[in-house]
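Worksheet: the structure to be examined is printed underneath.
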Amino acid sequence: PGAGKREASKQLAKLVAEVERGEHGGTKTTFGVLLDEWTAHGERMGRSPKTLHEYRRKIDKQIRPVLGAKALDKLTAHDLDRFYAAQLAVLGERSVLHLHRIIGAALRQGRKWGWVITNVAEDATPPSPHKTELSVPSPERAPRRPAPRRHSTRRPNGHSDSSTRQSSSPPAARQQS
């Protein structure tokens, strides 16, 4: 009796490992199809047209040409790490990080829809942008600011005080005329 339980436990552990590797379940569709469905879903959910335009531009220009034809059940964190490394040759760290965020969001939605078992972007290693040191010049090296300009006083009607006077002569001279 004990041998049967041990064999069942081994088979269960093997099956769990296979599921964790994405070998069971999910869908046979491509990552490109998921990206299209994810952006369409964003549109239906009321995402800003400008945001969606930027997502589609980045997907079409950087992500789809490299990863779009990859079957979802074959996409790995290693694929994403290689993609990020290649993109760093032409883009800055923050731009590549933004691509990672798009990929991660699409895969997160794919997991909710049952298209993927796990979000492999969670296990990928995107670049972390370096913080730039803020250099503050010493007071001697700081550029001088020009003196503030004087502005005429404006009345609510939009005219300045000087434009409402009847003549350029002093008020006392006007009273005598």
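Numbering of residues begins at 1 and proceeds along the displayed sequence.
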Looking only at heavy atoms, what is the nearest atom pair of Arg64 and Asp36, with distance?
NH2-OD1, 2.6 Å
I want to check something: taking the side chain as every heavy atom from C-beta on, are Glu43 and Arg56 in contact at a cut-off of under 4.5 Å?
yes
Candidate list Leu91, Thr125, Ile103, test side-chain contact (heavy atoms from CB on, under 4.5 Å), partner Tyr84, passing option
Ile103
Is any side-chain heavy atom of Ile102 less than 4.5 Å from a side-chain heavy atom of Glu54?
no
Just verifying a value: how many Å separate Asp60 CG and Gln62 CD, rounded to the nearest 0.5 Å?
10.0 Å
Straight-line distance of His41 NE2 to Trp113 CH2, nearest 0.5 Å
5.5 Å
Scan Leu88, Val96, Leu97 and name whichever one has a side-chain contact (heavy atoms from CB on, under 4.5 Å) with Pro126.
Leu97
Without hydrogens or angle criteria, can the side chains of His78 and Arg82 be said to hold a donor-acceptor pair below 3.5 Å?
yes
Please enumerate all residues that pass side-chain contact (heavy atoms from CB on, under 4.5 Å) together with Ala86, with sequence neighbours excluded.
none
Enter the distance from Lys58:NZ to Arg101:CZ here, rounded to the nearest 0.5 Å.
10.5 Å
Please report the closest heavy-atom contact between Trp115 and Glu37, naming both atoms and the distance.
CH2-CG, 3.5 Å
Considering non-hydrogen atoms only, spot the tightest contact between Ala124 and Ala77 and give its length.
N-CB, 3.8 Å
Can you give me the closest heavy-atom contact between Ile63 and Phe31, atom names plus distance?
CG2-CE2, 3.8 Å
With a 4.5 Å cut-off on side-chain heavy atoms, are Leu107 and Leu34 touching?
yes
Are Met45 and Trp38 connected in the hydrophobic side-chain network, where two residues link if heavy atoms are under 4.5 Å apart?
no
Please examine the side chains of Leu75 and Leu80, heavy atoms only from C-beta on, and report whether any two atoms are closer than 4.5 Å.
yes
Rounded to the nearest 0.5 Å, how far apart are NZ of Lys74 and OG1 of Thr30?
14.0 Å
How far apart are the closest heavy atoms of Asp79 and Lys70, and which atoms are they?
OD2-CE, 3.0 Å
Salt bridge check: are Arg111 and Glu122 linked by an N-O gap of less than 4.0 Å?
no
Heavy-atom pair with the smallest gap, counting every atom of Gly104 and Ala121
CA-CB, 3.6 Å
Check the hydrophobic clustering (I, L, V, M, F, W, Y; side-chain heavy atoms under 4.5 Å; chains of links allowed) and say if Val33 and Val120 are grouped together.
yes
